[in-house]
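To keep things clear, I will list the structure first and then write my remarks on it.
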Amino acid sequence: MYESANVPDDADRTAFRRAEKKYKLYYEQDSKFSRKKKLPKPVDLSALLDFDSILQNFYKNGVLPDGIKVAEADSPVFCIENRPGFYFIPGALSLEEQCKWIKESLKNFPQPPNRTNHNAIYGPIADLFDSAKENKVLVQEDPASETCINHNRWKFYDDEEDIAKAKRRGCKSVSASLLLRKLRWSTLGLQFDWSKRNYDVSLPHNEIPDALCQLAKTHAAIAMPIGEEFRPEGAIVNYFGLGDTLGGHLDDMEADWSKPIVSMSLGCKAIFLLGGKSKDDPPHAMYLRSGDVVLMAGEARECFHGVPRIFTDEENADIGALESELSRESGHFVAEYIKTSRININIRQVF
Ligand code: OGA
Ligand code: MN
């Protein structure tokens with residue numbers, strides 16, 4: 001398990017892997033602490049691009065760090081000189097928009113026929129969010145029961161007596177709140193099949209909501225070929241808890257790479273790595289905050305990228321305003337979820 005610090009093994013082979021390892025959450029090995037409270041290993045964050053402070057400085061005195069440009073004069077959209085096709089729009093979404101899409105991501109986007117990571121084990125699960133809020137438990141239908149038609153049918157129960165009975169009969173069960181915690185992705189519009197890493201157009205799906213399409217179109221415009229309009233056809237929603245990461249990858253299953261992927265960040269702050277066309281190219285590391293939008297088009301579509309870290313501690317998560325707005329307008333449960341989570345919605349034109 002433990003790799004020696006100075007002998008690089010396979011996992012350390014590329015610059016991208018080394019950056020992932022550098023920023024990933026590790027805990028102190030010191031047993032003195034680990035018994036009581038696991039302490040995260042400190043990491044040097046000084047090399048990170050912080051587009052929030054880049055924006056503040058740009059407004060204040062018009063200066064930009066080396067290698068950073070603005071996309072158009074006066075527009076608060078930033079580019080990185082050696083990564084053409086990559087655009088960073090700090091604070092693109094209002095607090096109200098952030099709240100709306102967080103709620104949608106939890107309540108509606110995981111609803112069947114949209115698929116989630118839970119489909120493979122439990123089949124379609126309806127009303128996961130409300131069930132978690134109501135402390136329900138998902139119970140496997142009793143295979144011995146006469147009414148059992150499908151041995152892999154699961155149903156939510158809230159009556160403790162019923163749950164206990166089913167457990168005594170040997171039925172498997174899992175709480176809705178644990179399933180919500182373990183929700184890692186859902187897909188909107190054209191369904192992306194993770195096992196085949198391709199879009200399966202035969203799968204039934206709900207359309208991407210109009211308001212989300214509009215939002216994506218508005219922000220995509222700056223990265224679009226002149227005279228063309230972005231057509232949102234599929235979206236992947238990623239859910240991150242503390243310690244969850246998204247490994248370095250390319251999104252190469254869409255037909256036309258001149259069209260951007262529009263990627264919205266919600267909830268806790270994260271570190272995003274934008275590499276080059278080879279994993280040997282050292283990646284740019286930057287913060288992604290709630291409300292930031294990133295576009296990847298053209299050459300940037302061929303660049304490896306990933307999320308090695310999210311921050312859930314009060315000092316680094318940077319969601320104070322979001323949290324109070326959320327608990328004011330949609331209650332404690334959503335606010336509690338987002339306090340320790342990040343959601344990413346990335347919207348794609350598939351054809
Ligand atoms: C993806 C992706 C980035 C993010 O889902 O393909 O790159 O910010 N997500 O979570
Ligand atoms: Mn991606």
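We count ligands from 1, going down the list as the structure has it; atoms in each ligand are counted the same way. No hydrogens, no waters, no symmetry mates; every other heavy atom, side chains included, goes into these values. We count residues from 1, following the sequence as given.
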The Mn ion (ligand 2): angle it makes with NE2 (His249) and OD2 (Asp251), nearest 10 degrees: 110°
Residue part near ligand 1, for Leu288, under 4.0 Å between non-hydrogen atoms: side chain
Contacting atoms of ligand 1, where contact means under 4.0 angstrom from a heavy atom of Leu246: 1 (C), 2 (C), 3 (C), 5 (O), 7 (O), 9 (N)
Protein residue, atom and distance nearest to atom 3 (C) of ligand 1, heavy-atom basis: Asn344 OD1, 3.7 Å
Sub-4.0 Å atoms of ligand 1 with respect to non-hydrogen atoms of His305: 7 (O)
Closest protein heavy atom (residue, atom, distance) for atom 1 (C) of ligand 1: Asn346 ND2, 3.5 Å
Ligand 1 contacted by Trp185 (non-hydrogen, < 4.0 Å): no
Cationic N near anionic O, under 4.0 Å, Lys107 to Asp130: no
Contact partition for Asp251 relative to ligand 1, non-hydrogen atoms under 4.0 Å: side chain
Charged N-O contact under 4.0 Å between Glu254 and Arg348: yes
Verdict with reasoning, Ile54 to Leu49, per side-chain contact (heavy atoms from CB on, under 4.5 Å): CA-CA 8 Å; Ile54 289 172; Leu49 287 168; 4.2 Å; yes
Protein contact of atom 6 (O) of ligand 1 - nearest heavy atom, named by residue and atom, plus distance: His249 NE2, 3.0 Å
Interfacing atoms of ligand 1 (cut-off 4.0 Å, heavy-atom, Arg342): 4 (C), 8 (O), 10 (O)
Asp256/Lys259 under salt bridge (charged side-chain N to carboxylate O under 4.0 Å, His left out): CA gap, chis, key distance, verdict: CA-CA 6 Å; Asp256 182 355; Lys259 305 296 187 302; 2.4 Å; yes
Lys NZ or Arg CZ of Arg342 over Phe311 ring: under 6.0 Å, within 45°: no
Sub-4.0 Å atoms of ligand 1 with respect to non-hydrogen atoms of Asn238: 1 (C), 5 (O), 9 (N)
Met264 and ligand 1 - part of the residue with a heavy-atom distance under 4.0 Å: neither
CG (Asp159) with more than 12 external heavy atoms under 6.0 Å: yes
Atom indices of ligand 1 within 4.0 angstrom of Val307 heavy atoms, with elements: 4 (C), 8 (O), 10 (O)
Residue Phe240 vicinity, atoms of ligand 1 by number, heavy atom under 4.0 Å: 10 (O)
SB check Glu329 Lys103 (cutoff 4.0 Å): yes
Nearest-0.5 Å distance, OG of residue Ser175 to CZ of residue Arg181: 11.5 Å
Gap between atom NZ of Lys269 and atom OG of Ser290 - 0.5 Å precision: 12.0 Å
Donor-acceptor contact present, side-chain Glu160 to main-chain Asp158, <3.5 Å: no
Arg348: numbered ligand 1 atoms lying under 4.0 Å from its heavy atoms: 1 (C), 6 (O)
